[in-house]
Amino acid sequence: MKNKAFLKRLLVVSPLLALGLVGCHKYDKTAEANKPDLISSNRDTTVAPGDDFFAYANGTWIKNHPIPASESSWSIGKEVQEEMYGRLRDISEKAAQSNAAQGTNEQKIGDFYHTGMDTVAIEQQGLQPLKPELDKIEAIKTPADVQAMMAQLKPYGVTSPAGVFVEQDAKNSDKMALYLWQSGLGLPNRDYYFNTDTRTANIREAYVKHVANMFELIGQDAQTAQQNADKVMKLETAMAKSSRKLADLRDPYANYNKMSVEQLNKLTPNIDWNNWLAQMNVKQVDSVIVGQPEFYKATAKLLNSVSIDDWKAYLKWHLVHAYADNLSKKFDDENFHFYGTVMQGRTEQRPRWKRVLDSEEDAMGEMLGQLFVKDYFSPETKQRYEILVDNVVDSFREHIKNLDWMSDSTKQKALVKLNKINKKVGYPDQWKDFSSLKVDRSSYARNVMRANEWWYNYNFNKLGKPVDRAEWNMTPQTYNAYYNPSNNEIVLPAAIFAVPGLKDNEADDAIIYGYVGASTIGHELTHGFDDQGSQYDAEGNLRNWWTAEDKEQFKKKVNQIVQQFDNYTVLDSMHVNGRATAGENIADLGGIVIGLDAFKKTEQYKKGEKIGGLTPTQRYFLGYALGWQDHQRDEKLAQQILTDVHSPANLRVNGPFSDVPAFYKAFNVQPGQQMYLPDSARVKIW
């Protein structure tokens, strides 16, 4: 994936998409002459390209774009997002005032936005929207009641150890399977509960205080609130102990443990899974794929051994936490203090209307997507991007054929897989049907709860049904992209192609092939052949298609890039996790070399004329760096290192560029410069 986990749909779209930033277009020199060259003006020429290319390429942009107090980072993606917030605000406000017919998309968008902005009603309601669920938690008396309550809260998106979802069977991609995954934590992952550095220890202390504050807000006295917060922390720490680390979660075989429900019952004798799954509205299931059996084995013991009062405290906390930003100001502010300020360094909340639009995107993003593509992304524009994708695929095909470390038999299978990749560009051919989603003006929190329930039912209704390979898991207005190994597909939403402030006739092919061809299209294609994607065949099944010798050669190359990134230090003493970030680092490197060879077939490259004093190849590398314009607060960076499979933005430029010979030639990088690596240390995979 190019940026962040696709399950969090980001609200980022741009009217510039209608202008079609593609490689098959006419570059207007007159337009360029009348406007400062974007690529040149972003640079900080006091920095040598061979010392820190990221700073050289984006230094002036970063200086001119400080991080707002309401944000934990600022990036080109945020710039795209800003361009669209106002447009979607206008759409939502008009819908809220339209008196649209009941059940229409306009009515649902309008009512959702109205309740989110009606702070008077939200303050009057206080904790009332959650009272039915809080009363049920208070009435719990037995371990069986605890499990039943977790099942009732699951559709509302409330965290619990029951990490159940439906997804394609990794070893049989034509079938939808039930998965169990480790879950249940309030901090981002298990490392936050055990790392001994001062930064993480302080976060743990602040977390317990935050949980106690939330308990006080729901009406508990200070002593009881502190006791319950300690109970939550103790229980979550016990669950974290049996949770796998970030890098370990990337091994598809180790996290694929298929068993019958009867076998699962034997693994966890304190849990009756037939009953528990039925309570979660999971029907007609005879087998389950368990990601981390040791987690559920340990959790089963906790469900039986931990006191009922402790579990009640845990469930109350996670219910209120899940909806804190949909409740009255005191809950919203306390939630922001910990998760916004302590965890990410933000000192101000973003304007409420933006936060409501984010919730609206999560609830019904494809409704907004239909409005977006209708006005801003024409079929002609979509076709242009599809041509660019084909050009990059052609380049990758040539790279595979010319590999010197892969045998012909494996090459043929790799080519079959590449040729079968489904390329989804812009927006889906068919939209999701939200007709069963109920939205009204009674309560903002209840609207969000109903939306979460709709998505839960949408997911679980897939069980036992044919796989819908046409479905998208991102909305068109998302500044992101992804590769799905089970579908063997790349998905490129319309918004990912936007460049803020740059019209089509102002963008030369070098920018397009670096920004779009390399950092997005080539990157996602390479995911099909990274350390994870390479373990899936052309049909999307987890199956080895490599010879033993080729697999060993590939592992050696993967280990090279792991070692390279392990050696990068950020902040004071934190190191990049080379194993956890390997897939993204491989995709970055692959996208760069594949995109460059695709660019070499353009007229701009062949002519070799300079623009803004820069050669075509120099502009290509600068175009790639443009896609990673980003800087973030130290708190957010520390969180990324512990929780994200993506390296920090500067290393997504400097890291792979240090491995590319054409970069050395384009910018005359010499021994002694900080990015210089000797030939023997440079990684070459695809």
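Throughout, numbering of the chain's residues begins at 1 and tracks the sequence. Just the heavy atoms: all of them, side chains too, but no hydrogens, waters or symmetry mates, feed the values below.
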Nearest heavy atoms of Asp566 and Gly578, plus distance in Å = OD1-N, 2.7 Å
Does a side-chain heavy-atom distance below 4.5 Å link Tyr515 with Ile76?
-> yes
Does the side-chain contact (heavy atoms from CB on, under 4.5 Å) test come out yes or no for Leu492 and Phe497, once each step is laid out?
-> CA-CA 8 Å; Leu492 309 166; Phe497 302 112; 3.7 Å; yes
Min side-chain heavy-atom separation Leu571-Met574 under 4.5 Å | yes
Donor-acceptor pair, side chain of Ser160 and main chain of Ala162, under 3.5 angstrom = yes
Is there a side-chain contact between Ser647 and Asn577, using heavy atoms and a 4.5 Å cut-off?
-> no
Heavy atoms from other residues, nucleotides or ligands near CG of Asp135 exceed 12 (cutoff 6.0 Å) | yes
Got a salt bridge between Asp572 and Arg199, using NZ or NE/NH1/NH2 to carboxylate O under 4.0 Å?
-> yes
Decide yes or no on side-chain contact (heavy atoms from CB on, under 4.5 Å) for Lys245 and Asn189, but give the supporting numbers first.
-> CA-CA 8 Å; Lys245 292 189 174 184; Asn189 67 19; over 6 Å; no
Pairwise distance CG(Asp630) to CG(Asn58) - rounded to 0.5 angstrom | 9.5 Å
Give me the ring orientation class for Phe165 and Tyr179: parallel if the planes are under 30° apart, tilted from 30 to 60°, perpendicular past 60°.
-> parallel
Knowing that exactly one of Leu88, Thr104, Val439, Leu371 qualifies, which makes a side-chain contact (heavy atoms from CB on, under 4.5 Å) with Ile109?
-> Leu371
Derivation of the side-chain contact (heavy atoms from CB on, under 4.5 Å) call for Tyr207 and Val342 = CA-CA 9 Å; Tyr207 177 62; Val342 175; over 6 Å; no
Gln629 side chain to Trp74 side chain, donor-acceptor N/O pair below 3.5 angstrom = no
Minimum-distance pair of heavy atoms, taken over all atoms of Ile140 and Leu315 = CD1-CD1, 3.8 Å
Measure the spacing between CG of Asp221 and CD of Gln226 and express it to the nearest 0.5 Å.
-> 11.5 Å
Is Thr159 close to Ser183 at the side-chain level, that is, under 4.5 Å between some pair of heavy atoms?
-> yes
Validation row: Arg652, His523 side chains within 4.5 angstrom (heavy atoms) | yes
Exercise: identify the closest heavy-atom pair between Asp588 and Trp628 | OD1-CZ2, 4.2 Å
Ion pair check, Arg346 and Glu635, cut-off under 4.0 Å | no
Side chains of Asn654 and Asp52, donor plus acceptor under 3.5 Å = yes
Are Arg204 and Glu236 within salt-bridge range, i.e. N to O under 4.0 Å?
-> no
Atom CG in Leu217, atom CG in Leu127: separation rounded to 0.5 Å?
-> 9.0 Å
Residues Asp230 and Lys234 bridged, charged N to O under 4.0 Å | no
Pairwise side-chain contact, Leu357 with Ser92, heavy-atom cut-off 4.5 Å (strictly under) = yes
Counting only heavy atoms not in Glu205, do more than 12 fall under 6.0 Å of its CD?
-> no
Note, Trp181 side chain near Asn255 side chain (heavy atom, < 4.5 Å) | yes
Please name the pair of heavy atoms, one in Gly627 and one in Tyr479, separated by the smallest distance, quoted to 0.1 Å.
-> O-OH, 4.3 Å
Ring centres under 6.0 angstrom apart (Trp317, His210) = yes
With rounding to the nearest 0.5 Å, note down the distance linking CG in Leu185 to NE2 in His318.
-> 7.5 Å
Closest heavy-atom contact between Ile203 and Leu187?
-> CG2-CD2, 4.1 Å
So CZ of Phe295 and OG of Ser242: to nearest 0.5 Å the spacing works out to 5.5 Å
Those residues at least two apart in sequence (or on a different chain) that pass salt bridge (charged side-chain N to carboxylate O under 4.0 Å, His left out) with Glu366 are Lys432
Mutual orientation of the aromatic rings belonging to Trp431 and Tyr427 [parallel < 30°, tilted 30-60°, perpendicular > 60°] = parallel
Do you know the tightest heavy-atom contact between Pro129 and Pro132?
-> O-CD, 3.8 Å
Note: Lys78-Glu82 ion pair, threshold 4.0 Å (strictly below) = no
Between Trp454 and Phe434, is the ring centre distance below 6.0 Å?
-> yes
State which residue, out of Glu83, Gln81, Arg87, fulfils the side-chain hydrogen bond (donor to acceptor under 3.5 Å, both in side chains) condition with Tyr85.
-> Gln81
Derivation and outcome, side-chain contact (heavy atoms from CB on, under 4.5 Å), residues Ile67 and Ser72 | CA-CA 7 Å; Ile67 302 172; Ser72 59; over 6 Å; no
Assert yes or no for the condition that the ring centre distance of Phe112 to Tyr444 is strictly below 6.0 Å.
-> yes
Would you indicate whether the side-chain heavy atoms of Gln107 and Asp111 approach each other to under 4.5 Å?
-> yes
In plain terms, say whether Asp440 and Arg450 are close enough for a salt bridge, that is, a side-chain N and a carboxylate O under 4.0 Å apart.
-> yes
Tyr483/His527 aromatic ring centres below 6.0 Å | no
Distance col, row Gln147:CD vs Leu303:CG, nearest 0.5 angstrom, shows 5.0 Å
With sequence neighbours left out, what residues match Asp191 under salt bridge (charged side-chain N to carboxylate O under 4.0 Å, His left out)?
-> none
Residues in salt bridge (charged side-chain N to carboxylate O under 4.0 Å, His left out) contact with Arg350, at least two apart in sequence or another chain | Glu71, Asp358
